[in-house]
Asks: 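Got a structure for you, questions after.
Any value given below was found using the heavy atoms of this structure, including those in side chains, with hydrogens, waters and symmetry copies removed. Chain letters run A, B, ... following the sequence lines, proteins first and then strands; every chain starts at 1.
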Protein chains: 2
Amino acid sequence: MEKDTRLKLIEAAAPLFAQKSFAAVSVRELAQAAGANIAAVSYHYGGKEGLYHAMLEYQFEPIAEALERIQTMSSLPPAERLGLYASLVAGVHHRRPYLLRLVHAELTSPTSGFEAVVKKYIPQIFRFIHQALEEGVAAGEFRPDLDIGLAVISLAGILNFYFVAKPMARQLLPASGLSDEKYVSQAFAIYLNGIRREKP
Amino acid sequence: MEKDTRLKLIEAAAPLFAQKSFAAVSVRELAQAAGANIAAVSYHYGGKEGLYHAMLEYQFEPIAEALERIQTMSSLPPAERLGLYASLVAGVHHRRPYLLRLVHAELTSPTSGFEAVVKKYIPQIFRFIHQALEEGVAAGEFRPDLDIGLAVISLAGILNFYFVAKPMARQLLPASGLSDEKYVSQAFAIYLNGIRREKP
DNA sequence: GTATTTTTAAAACAGATGTTTAAAATAATC
DNA sequence: GATTATTTTAAACATCTGTTTTAAAAATAC
């Protein structure tokens, strides 16, 4: 067997579901992109929805791994833990170029995949950032008036939005000015500088 | 006439298209939500796509207005002009609760509505922020090493992502901690603080 | 009051949808 | 090598899609 049909289906499904939407992709389209038969979707995954869920789980794989690795580093200073998250965002987007678009689609237009898959992983990330911010404030390193819950969203927003807006950004910026690493590092610097306690 | 069918269709279409997606909403569904006949969609807008475009234009109306008003204030100091954008984001989301979701959907999964409608407005907003940042750097108010193009995306991201992530945020934060104004003001403060030139 | 436009209703249209079926082909096991 | 078990295939399934057509009804304009 060259590469089993199950995997071929999952890998072909990711870009299709990410670039269109769950409803806009047809089973025939999926099968053709995977070089498989139409019936293979139902046979292996019980249907279009089952394939979609399996594909989502596959996309979250590197996140799950990274989170486990990261949890063990809870002894690092808060700012460095936030930096870990920043490089995780950049790194994951490199390994799974469609994940962020898929998650954004689930946030704006939740399907069954939101409850089934997305909801499992997002809170873990949230708690990781929340804890780092909490300790940073307690240690007097970050502004004491910070609303931590909202600040978590701000970090996720300033880092992730770029990857969603990239197609539009490519039309607005000179092509040379678009580097993922450059973006993440400047955005994180702005954020960190923004929450730091001002020197008296 | 109680409220002509054209408007009823547009207003009913916004939440449906925003919460699902263009492909996932059926014409029968649209007509029923508007209390109109199925044929009314084709009669007034030439079809589902025509209704979608008209609804998008309607959603951008307050943005177009605000941008005209704002352009006349180009004499304000850069930081205040950025603040204008921040309050525009909050205000527009209040008047058009579905706009940001619709735009995000068009960014992640562009339909014909992207070229036809969204592409007209986004660059205007981009240029407005870009210009303010440029002047701020030139005036020595913002960090001189700032990549301005990327910094525009950061501002849009830190302000807008919240409104996209709100459904998820509601499950992660104590209900009391979610105020649009509070979020926008803190997020903007973090950003502005983050790009400010450090005192020597 | 007549003429024009808008709205409604029900039906029909061709095409696409996700899923199932039963036979054929391949792989695994003994 | 024969016999299972698994996978693939093409065809058929009922259902839903957006749109159009017919017609009558209602509302508005002149």
Asks: Return the residues of residues 17-25 of chain B meeting this criterion: a heavy atom under 4.0 Å from some atom of DNA chain C. Order them by number, or give none.
Replies: none
Asks: Over how many whole Å does the gap from B:Tyr45 atom OH to C:dT6 atom C1' extend?
Replies: 13 Å
Asks: From CG of B:Leu9 over to P of C:dT6, roughly how many Å is that when rounded to an integer?
Replies: 14 Å
Asks: Expressed as a whole number of angstroms, how long is the span from A:Gln32:CD to C:dA16:C1'?
Replies: 14 Å
Asks: To the nearest 0.5 angstrom, please state how far the CD atom of A:Glu106 sits from the OG1 atom of B:Thr108.
Replies: 11.0 Å
Asks: Looking at A:His44, does any N or O in its side chain come under 4.0 Å of the phosphate oxygens OP1/OP2 on D:dT6?
Replies: no
Asks: Evaluate the ring planes of A:Tyr52 and A:Phe22, with Trp represented by its six-membered ring, and classify them as parallel (under 30°), tilted (30 to 60°) or perpendicular (over 60°).
Replies: tilted
Asks: Provide the closest heavy-atom pair for B:Phe188 versus B:Ala79 in the form atom of the first, atom of the second, distance.
Replies: CZ-O, 3.8 Å
Asks: Taking the side chain as everything from C-beta on, heavy atoms only, tell me whether A:Arg6 gets closer than 4.5 Å to A:Tyr45.
Replies: yes
Asks: I need a per-nucleotide contact map over nucleotides 19-24 of chain C, read 5' to 3'. Cutoff is protein heavy atoms under 4.0 Å; write B for the base, S for backbone only, - otherwise.
Replies: BBB---
Asks: Looking at A:Val41 and A:Lys48, what are the two nearest heavy atoms and their distance?
Replies: CG1-N, 3.8 Å
Asks: B:Phe17 ring centre to B:Arg101 NZ or CZ under 6.0 Å, with the angle to the axis within 45°?
Replies: no
Asks: Under a 4.5 Å cut-off applied to non-hydrogen side-chain atoms, are B:Leu146 and A:Gln186 in contact?
Replies: yes
Asks: Can the ring centroids of A:Phe161 and B:His104 be said to lie less than 6.0 angstrom from one another?
Replies: yes
Asks: Just the dot-bracket of DNA chain C, please: which string comes out with Watson-Crick or G-U pairs under 3.5 Å, [ ] for crossing, | for another strand?
Replies: |||||...||||.||||||||||.||||||
Asks: From CZ of A:Arg6 over to P of D:dT6, roughly how many Å is that when rounded to an integer?
Replies: 13 Å
Asks: Taking NZ, NE, NH1 and NH2 as the nitrogens, is one of them in A:Glu61 or A:Arg95 under 4.0 Å from a carboxylate oxygen of the other?
Replies: no
Asks: At what distance, to the nearest 0.5 angstrom, does CG of A:Leu155 lie from CD1 of A:Ile129?
Replies: 5.0 Å
Asks: When you measure from the side chain of A:Thr5, which nucleotide among C:dT17, D:dT8, D:dG18 comes out closest?
Replies: D:dT8
Asks: If I take atom CG in residue B:Leu30 and atom C1' in nucleotide D:dG18, what distance separates them, rounded to the nearest angstrom?
Replies: 11 Å
Asks: Could you label the plane-to-plane angle of the A:His93 and A:Phe163 rings as parallel, tilted or perpendicular, counting under 30° as parallel and over 60° as perpendicular?
Replies: tilted
